[in-house]
Amino acid sequence: MRLANLDGRATIVTDAGGVDVGRASGGRFGPELPALYDDWGAFRAAADDVVAAAGPAGAQPIDDARLGPPSPRPAQVFGIGLNYKAHAAETGATIPKIPATFTKFPTCLTGPFGEVVLPSGNVDWEVELVLVIGTLGRGVAERDGWAHVAGVTVGQDLSERVVQRRAGAQFSLGKSYPGFGPTGPWLVTPDELEHPDDLALGCSIDGEVMQDSSTADMAFKVPQLVAELSAIVPLLPGDVVFTGTPSGVGAARQPPRFLAPGQVLETWVDGVGSMRHRLVGARS
Ligand code: ZN
């Protein structure tokens, strides 16, 4: 199943268009996405019936500009650093023994299409596979990791590198300016993915590919991340996990490169979808 946030309403994406979950279920589920994650097991079991109840006439066209983040109000947003060997190497670091974890504050989340304001000339790109948690997880065993994931989506962990390195390390602030957490275009449930632990992902600036890798190169794979995080904090329905970025970030280049106003950033995960953002300068 593909599940979109269309004008704030949970919408199942079908070949015929988008089916509004709240209306098609007669108010049983939704209408917004957070309510679906709170009732994820029941909703997953009923989703096919919801689509059938709407019928082809109940599907509406999906306008990209109206799409919001698949989990718009998570209680927690986790970010994982240094989770791809080639990225750790390009930053001069080694893979740690446990996932290097920070938060992106939820106010940074935005949708898959539109503009992102650059607060400075030091903003870098980071394509990432993003998880949305569907079932409460505490002390989850690695073999059960995927079972707690409602689905995956595409993310950018946009990062202001100067702020990120201030005062020792300010990862959470440097990665949380408004618009620094685009996700979308929709949630894709794991059953739709033939190889959920081997997804090609990348991003480009004005068509020039900057990152091109696969989640198969992750040091800590999805089930391990769910296990490691839930060993310490409960994972709540709707929580969002940015799982780390592969090599090719701007800060590691010689000379370093950063995003500039007017550029178009495209970000994709094969089998999931792609996002497109135009960068704009801060208003003076
Ligand atoms: Zn990142």
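Atoms within each ligand, like the ligands themselves, are counted from 1 in listed order. Being a predicted model, the structure only gives us computed values, none of them experimental.
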Everything protein-side that's N, O or S and under 2.8 Å from the Zn ion (ligand 1): list it, residue and atom. Glu126 OE1, Glu128 OE2, Asp157 OD2
Lys/Arg N to Asp/Glu carboxylate O, Arg44 vs Asp39, below 4.0 Å: no
Under the criterion side-chain hydrogen bond (donor to acceptor under 3.5 Å, both in side chains), which of His87, Glu126, Gln211 is the partner of Thr245? Gln211
Should the pair Arg2-Glu192 be classified as a salt bridge under the 4.0 Å nitrogen-to-oxygen rule? yes
Apply side-chain hydrogen bond (donor to acceptor under 3.5 Å, both in side chains) to Glu208 and list each qualifying residue two or more places apart in sequence or on a separate chain. Arg257
Salt bridge Lys221-Asp197, side-chain N to carboxylate O under 4.0 Å: no
Considering all heavy atoms, the nearest Lys97-Phe220 contact: O-CZ, 3.5 Å
